[in-house]
K.L.:
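There's a structure below that I have some questions on.
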Amino acid sequence: MESFEPSATLGERLSGAARVLVLTGAGVSAESGLATFRGPGGLWEGLDPTRLATREAFERDPVTVWRFYAWRRSQAAAASPNAAHRAIAALERSRPAVDVVTQNVDGLLERAGCRRVILLHGTLWRLRCTAEGTEAEDQRGELGPLPPRCACGAILRPAVVWFGEPLPAGAYGEAEAAARHADLVLVVGTSGLVVPAALLPEIALAGGAYVVEVNPERTALSPRVQERLAGPAGEILPLLVEAAGFPREPAP
Ligand code: BJW
């Protein structure tokens, strides 16, 4: 079933579900002005992602990779959470048993007021020492001369997950458990092309969950879901949260 406007029936499903999983991708931040990865105008358009988002690329040319991530940090710092981030935060705060899982590294769900976000692909806002493996939070807009260095002298890297790297310890296990136990899943703004994140809706479907895709474009997951809400997340999610009887915005 495909529509733009969430039905009252779906609102009832959302308010009545025992456990809800919200899985987000880059599309949830598109209306905050942050580019997605794939498709026209995406970050990877005309670029080979393996030259920017692999450990091999970073080891070969840390300054070029850091320029890309320093720019991404400045874009994310200048962006504000949009109505989709806020609706997810409102949902998480309004009813029990909502797991929020994201592939995004921009921190906008947290800034919208989400209390707990499972970060599958890490974050732009932590730096990791390439020698010691230690991580520290780093919210500075300015990194100084690139590449930034640890007090031990080694190069720091962004604590994001590049292709071929394992996900942060525990994050996938928690997300997988959330998918297994969910009875309603909202898959928002992801192309579903990157594993293992793309397996989560399949795990939920196998467990009998009702899966709803929120995305203006069809994806490989589209034929498999029970319902598609075809439009921008910033318009659809506030309507959906409201149809479930919850406020559209998190309480201040
Ligand atoms: C809207 C909207 C609006 C627009 N509202 N919607 C061969 C070699 C090496 C690896 C592999 C290989 N083959 C397979 C792999 C595995 C690989 C993989 O999946 N590759 C595929 C691409 C083929 N996966 C991995 O490598 C993962 N690790 C792994 O498998 O580890 C195994 C392991 C175990 C033990 C030891 C060692 C290894 C890691 C994957 C890491 C992905 N990293 C990135 C970069 C993160 C840092 C950064 O941000 O720079 O993560 S890649 C990029 O893709 C980023 C995203 O999180 C991820 C997913 O993208 P997303 O979010 O779906 O965005 P888009 O752009 O694709 O889609 C946006 C959607 O939004 C579209 O559908 C729009 O329509 C929609 N949209 N506006 C709602 N307003």
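Keep in mind the model is a prediction, meaning the values are calculated, not measured.
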K.L.:
Locate the shortest heavy-atom distance separating V161 from P168; write the atom from each residue and the value.
P.N.:
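Heavy-atom minimum between the residues: CG2-CD, 3.6 Å.
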
K.L.:
What's the spacing between L146 CG and L156 CG if we round to 0.5 Å?
P.N.:
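Between atom CG of L146 and atom CG of L156 there are 11.0 Å.
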
K.L.:
Which distance, rounded to the nearest 0.5 Å, do you find between the CE of M1 and the CG of L10?
P.N.:
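If I round to the nearest 0.5 Å, the distance is 7.5 Å.
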
K.L.:
Can you confirm whether F58 sits close enough to I155 that some side-chain heavy atom of one is under 4.5 Å from a side-chain heavy atom of the other?
P.N.:
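With C-beta onward as the side chain, the pair touches.
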
K.L.:
Kindly indicate whether the side chain of V105, heavy atoms from C-beta on, has any atom under 4.5 Å from the side chain of Y69.
P.N.:
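SC-SC contact between V105 and Y69 ruled out.
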
K.L.:
Starting from L108, walk the hydrophobic network (Ile, Leu, Val, Met, Phe, Trp, Tyr; side-chain heavy atoms closer than 4.5 Å) and list everyone else you reach, by chain and number.
P.N.:
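Cluster partners of L108: L34.
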
K.L.:
Could I get the full list of salt bridge (Lys or Arg N to Asp or Glu O under 4.0 Å) partners for R13, not counting sequence neighbours?
P.N.:
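With neighbours one apart ignored, the set is empty.
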
K.L.:
Name all pairs fulfilling the salt bridge (Lys or Arg N to Asp or Glu O under 4.0 Å) condition that reach into residues 187-203, sequence neighbours left out, sorted by first residue then second.
P.N.:
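Applying salt bridge (Lys or Arg N to Asp or Glu O under 4.0 Å) to every pair that reaches into residues 187-203, excluding sequence neighbours, yields E202-R224.
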
K.L.:
State, with a plain yes or no, whether a side-chain heavy atom of S80 is found less than 4.5 Å away from one of S32.
P.N.:
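They are not in side-chain contact.
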
K.L.:
Under the rule for salt bridge (Lys or Arg N to Asp or Glu O under 4.0 Å), what residues qualify as partners of R111, not counting sequence neighbours?
P.N.:
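Partners of R111 under the salt bridge (Lys or Arg N to Asp or Glu O under 4.0 Å) test: none.
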
K.L.:
Looking only at heavy atoms, what is the nearest atom pair of S29 and H85, with distance?
P.N.:
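Where S29 meets H85 most closely, the heavy atoms are OG-NE2, 3.1 Å.
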
K.L.:
Just jot down the side-chain hydrogen bond (donor to acceptor under 3.5 Å, both in side chains) partners of E249, sequence neighbours excluded, or say none.
P.N.:
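E249: side-chain hydrogen bond (donor to acceptor under 3.5 Å, both in side chains) contacts with R86.
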
K.L.:
Please, which pairs that meet side-chain hydrogen bond (donor to acceptor under 3.5 Å, both in side chains) have at least one residue in residues 35-52, sequence neighbours excluded?
P.N.:
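Listed once each, the pairs are D48-T50.
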
K.L.:
Could you tell me whether a side-chain N or O of E135 sits under 3.5 Å from a main-chain N or O of L127, the two making a donor and an acceptor?
P.N.:
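No.
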
K.L.:
Is there a donor-acceptor contact under 3.5 Å from the side chain of R95 to the main chain of A17?
P.N.:
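Side chain of R95 to backbone of A17: a pair is present.
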
K.L.:
I'd like to check E227 versus S7 (side-chain heavy atoms, cut-off strictly below 4.5 Å). Are they in contact?
P.N.:
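They are in contact (side-chain heavy atoms under 4.5 Å apart), so the answer is yes.
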
K.L.:
Not counting sequence neighbours, which residues clear side-chain hydrogen bond (donor to acceptor under 3.5 Å, both in side chains) with R67? List them please.
P.N.:
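side-chain hydrogen bond (donor to acceptor under 3.5 Å, both in side chains) check on R67 returns nothing, list empty.
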
K.L.:
According to salt bridge (Lys or Arg N to Asp or Glu O under 4.0 Å), who are the partners of E213, at least two apart in sequence or on a separate chain?
P.N.:
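Scan of E213 (salt bridge (Lys or Arg N to Asp or Glu O under 4.0 Å), adjacent residues dropped) gives R228.
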
K.L.:
Using distance only, find each side-chain donor-acceptor pair of residues 189-196 under 3.5 Å and give its atom names and separation, not counting sequence neighbours.
P.N.:
from : atom 1 : to   : atom 2 : distance (Å)
T190 : OG1    : Q103 : NE2    : 3.0
T190 : OG1    : G192 : N      : 3.2

K.L.:
Under a 3.5 Å distance rule, please check whether E165 uses its side chain to pair with a backbone N or O of W162 as donor and acceptor.
P.N.:
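Answer holds: yes.
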
K.L.:
Quick one: does V212's side chain get under 4.5 Å of V225's, heavy atoms only?
P.N.:
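No, every pair of side-chain atoms sits at 4.5 Å or beyond.
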
K.L.:
Does the side chain of V214 reach to within under 4.5 Å of the side chain of L237, using non-hydrogen atoms?
P.N.:
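In contact.
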
K.L.:
Look only at the side chain of R72 and the backbone of L124, and say whether a donor-acceptor pair between them is shorter than 3.5 Å.
P.N.:
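No: the side chain of R72 does not pair with the backbone of L124.
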
K.L.:
Does L200 belong to the same Ile/Leu/Val/Met/Phe/Trp/Tyr cluster as V98, with side-chain heavy atoms less than 4.5 Å apart forming each link?
P.N.:
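No, no single cluster joins them.
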
K.L.:
I'd like to know if the side chain of N104 and the backbone of G25 have a donor-acceptor N/O pair within less than 3.5 Å.
P.N.:
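Here the side-chain-to-backbone pair exists.
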
K.L.:
Could you walk me through whether L91 and V22 pass side-chain contact (heavy atoms from CB on, under 4.5 Å), step by step?
P.N.:
CA-CA 10 Å; L91 181 69; V22 186; 4.1 Å; yes

K.L.:
Give the minimum heavy-atom separation between A18 and A97, together with the two atoms involved.
P.N.:
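Smallest heavy-atom distance, with atoms named: O-CB, 3.3 Å.
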
K.L.:
Flag the pair L184 / R19 as yes when at least one side-chain heavy-atom distance between them is below 4.5 Å, and no otherwise.
P.N.:
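No. Closest side-chain heavy atoms not under 4.5 Å.
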
K.L.:
Does A30 offer a backbone N or O that forms a donor-acceptor pair with the side chain of N82 under 3.5 Å?
P.N.:
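Side chain of N82 to backbone of A30, a donor-acceptor pair under 3.5 Å: no, none is there.
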
K.L.:
State whether the side chain of Q226 and the backbone N or O of V211 hold a donor-acceptor pair below 3.5 Å, judged by distance alone.
P.N.:
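Flag set: sc Q226 to bb V211 pair under 3.5 Å.
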
K.L.:
Can T102 and H121 be counted as having a side-chain donor-acceptor contact under 3.5 angstrom?
P.N.:
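No.
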
K.L.:
Where the side chain of S3 meets the backbone of L229, is there a donor-acceptor pair that is under 3.5 Å apart?
P.N.:
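It does not hold such a pair.
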
K.L.:
In this structure, would W125 and L167 fall into the same cluster of hydrophobic residues linked by side-chain contacts under 4.5 Å?
P.N.:
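Not linked; separate clusters.
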
K.L.:
Assigning hydrophobic clusters by single linkage (Ile, Leu, Val, Met, Phe, Trp, Tyr; side-chain heavy-atom cutoff under 4.5 Å), is F68 placed with V63?
P.N.:
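Result: no, two separate clusters.
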
K.L.:
Looking at every non-hydrogen atom in both residues, tell me the closest pair between A89 and G113 and how far apart they are.
P.N.:
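Answer, listing the atom of A89 first, then G113: CB-C, 3.8 Å.
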
K.L.:
Going by the rule side-chain hydrogen bond (donor to acceptor under 3.5 Å, both in side chains), which residues pair with N215 if we only count those two or more places apart in sequence or in a different chain?
P.N.:
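Testing N215 for side-chain hydrogen bond (donor to acceptor under 3.5 Å, both in side chains), a comparison that skips the adjacent residues, returns none.
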
K.L.:
I'd like to check W66 versus P158 (side-chain heavy atoms, cut-off strictly below 4.5 Å). Are they in contact?
P.N.:
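Counting from C-beta outward, W66 and P158 do come under 4.5 Å.
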
K.L.:
For E59 versus P62, what's the shortest heavy-atom pair and its separation?
P.N.:
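Nearest heavy atoms, E59 then P62: O-CD, 4.0 Å.
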
K.L.:
Tell me, please, which residues at least two apart from R248 pass side-chain hydrogen bond (donor to acceptor under 3.5 Å, both in side chains).
P.N.:
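Result, side-chain hydrogen bond (donor to acceptor under 3.5 Å, both in side chains) vs R248: E242.
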
K.L.:
Kindly write out the residues that satisfy side chain to side chain contact (heavy atoms under 4.5 Å, CB included) with A35, not counting sequence neighbours, or none if the list is empty.
P.N.:
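Expected list: L43.
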
